[in-house]
Amino acid sequence: MSNGQTRFHVPTPPYRPGDEPDFAHLDLQKAGEALRPDPAASWQETQDLATGLVGVLDHNHQAVGAWNPELSPEVLREGLSHMVLTRIYDERMLKLQRQGKMSFYMKSTGEEAVAVAAAMALKPTDMVFPSYRQQGILFARGRNIVDMMCHCISNSRDNLKGRQLPVHYTWAEGNFFTISGNLGTQFPQAAGYAMACAYKGEDQIAASWIGDGTTAEGDFHAGLTLASTYRAPVIFNVVNNQWAISSNQNIARGDAPTFAAKGLGYGLASIRADGNDFLAVYAATQWAAERARQGKGATLLELFTYRADAHSTSDDPTKYRPKTEFDRWPLGDPIERLKQHLIGKGEWDETRHAKLEEQMTALVVKSYKEAESHGTLHEGPLSPTESIFEDVYAKPDWRLRRQRQDLGV
Ligand SMILES: Cc1ncc(C[n+]2csc(CCOP(=O)(O)OP(=O)(O)O)c2C)c(N)n1
């Protein structure tokens with residue numbers, strides 16, 4: 001630093017607590033403006049899509065442009081219902097964690113469309129490799145809520161037998177791959193799974209989700225390399241919710257224009273879409289799924305969204321970002337936007353919406369009561385103690401048997 005100039009750069013968040021956030025500088029491509037190439041297009045034809053923004057719902061909540069997936073009102077209402085349930089479930093689980101009824105929780109507030117719309121655009125047989133913030137997939141695929149809660153309570157009906165932190169769901173029957181706490185491992189796994197499907201001549205594809213922060217992991221790059229080389233039928237979703245705990249997305253993105261743009265360097269079709277626009281997420285996923293099924297390879301989708309709440313129950317975002325940031329976020333709230341779209345079409349109204357919220361709240365309350373009948377965190381029953389020695393290997397070896405004897409169970 002002989003001349004007083006720094007020769008390296010540490011990105012800082014655009015706003016700190018107390019600042020007035022203003023996202024005017026974002027210069028987002030308007031809904032309906034992005035071109036929609038054929039799903040069999042070359043990756044080069046997606047270059048503008050990787051730096052633009054695929055959007056369908058405009059500022060009047062009308063569906064516009066070539067990406068409009070033209071979904072029926074029934075499908076739109078189903079999507080709305082899954083998103084409302086996801087949000088109500090999250091709210092309730094947060095409260096229960098605060099009451100000490102479960103050890104930990106992570107909400108997906110503001111990101112419900114990313115999970116729900118994608119799950120609805122895929123086939124139920126497609127394998128999903130989610131991160132811990134895609135619980136909406138489970139609702140869209142119809143998982144039993146009591147089972148989800150029993151896992152979070154870690155009680156006797158937890159299908160993970162109390163071995164995992166809450167929200168690390170696994171559901172083989174629903175083609176929902178076991179969530180791992182180690183960030184990013186699911187990208188190469190999804191690519192490998194997709195390659196196996198292709199190798200066996202199956203129509204099934206894979207889809208995976210990671211956060212913006214996780215793209216800094218080596219596994220992000222390993223997954224993209226594998227998929228590019230072998231044209232694996234996989235969809236890589238980067239959920240850019242602006243934050244990785246307290247690190248702004250510019251730490252992982254660096255000077256790259258967008259996360260989607262990183263896919264181009266691997267020769268992958270790459271698209272940035274409005275993650276708070278149910279129709280845009282649905283349409284982009286549908287495009288990428290069609291491409292994968294046609295044998296044209298993987299797609300990197302960046303879903304541009306905002307993490308509206310804390311990272312987890314162990315986090316306090318007021319320490320590192322302004323309280324008003326989500327209110328100023330220009331892409332709004334995914335539930336509100338789909339709701340207004342349906343109202344605009346004459347297919348929904350405030351009374352029906354209030355009733356839906358009531359029904360979902362009643363379902364969540366009832367499910368929690370039932371879940372507690374299978375045991376509470378403090379009073380049990382929990383999984384049997386000896387189960388901690390099971391499933392380490394397919395068959396317990398002598399060390400595990402010895403340890404179990406030592407514990408006397
Ligand atoms: C390999 C690894 N490093 C660090 C962590 C700790 N950790 C858990 S979540 C998280 C932030 C992830 O942020 P992002 O990928 O943006 O996803 P988001 O939480 O915003 O959905 C970190 C650093 C971890 N679980 N695994």
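Atoms within each ligand, like the ligands themselves, are counted from 1 in listed order.
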Practice problem: State plainly whether the residues D126 and R293 are in salt-bridge range, i.e. N to O under 4.0 Å. | Solution: yes
Quiz prompt | K339 bridged to E350 by N-O distance under 4.0 Å | solution = yes
Exercise. Working to the nearest 0.5 Å, report the span between CZ of R307 and CD1 of I245.
Key: 8.0 Å
Exercise. Pick out which of F326, Y320, W329 makes a ring pair (Phe, Tyr, Trp, His ring centres under 6.0 Å) with W243.
Key: Y320
Show me the donor-acceptor pairs within less than 3.5 Å that the side chains of residues 111-124 make with the rest of the protein, sequence neighbours left out.
residue, atom, partner, partner atom, Å
E111, OE2, N241, ND2, 3.0
E112, OE1, R87, NH2, 3.0
E112, OE1, G110, N, 2.9
E112, OE2, R87, NE, 2.7
E112, OE2, R87, NH2, 3.2
E112, OE2, G110, N, 3.4
K123, NZ, D203, OD2, 2.7

Quiz item: Are F139 and H82 near enough that their ring centres are under 6.0 Å apart?
Solution: no
Self-check item: Contact residues of ligand 1 (heavy atom under 4.0 Å), by chain and number
Solution: Y132, R133, G181, N182, L183, G211, D212, G213, T214, E217, N241, W243, A244, I245, H311
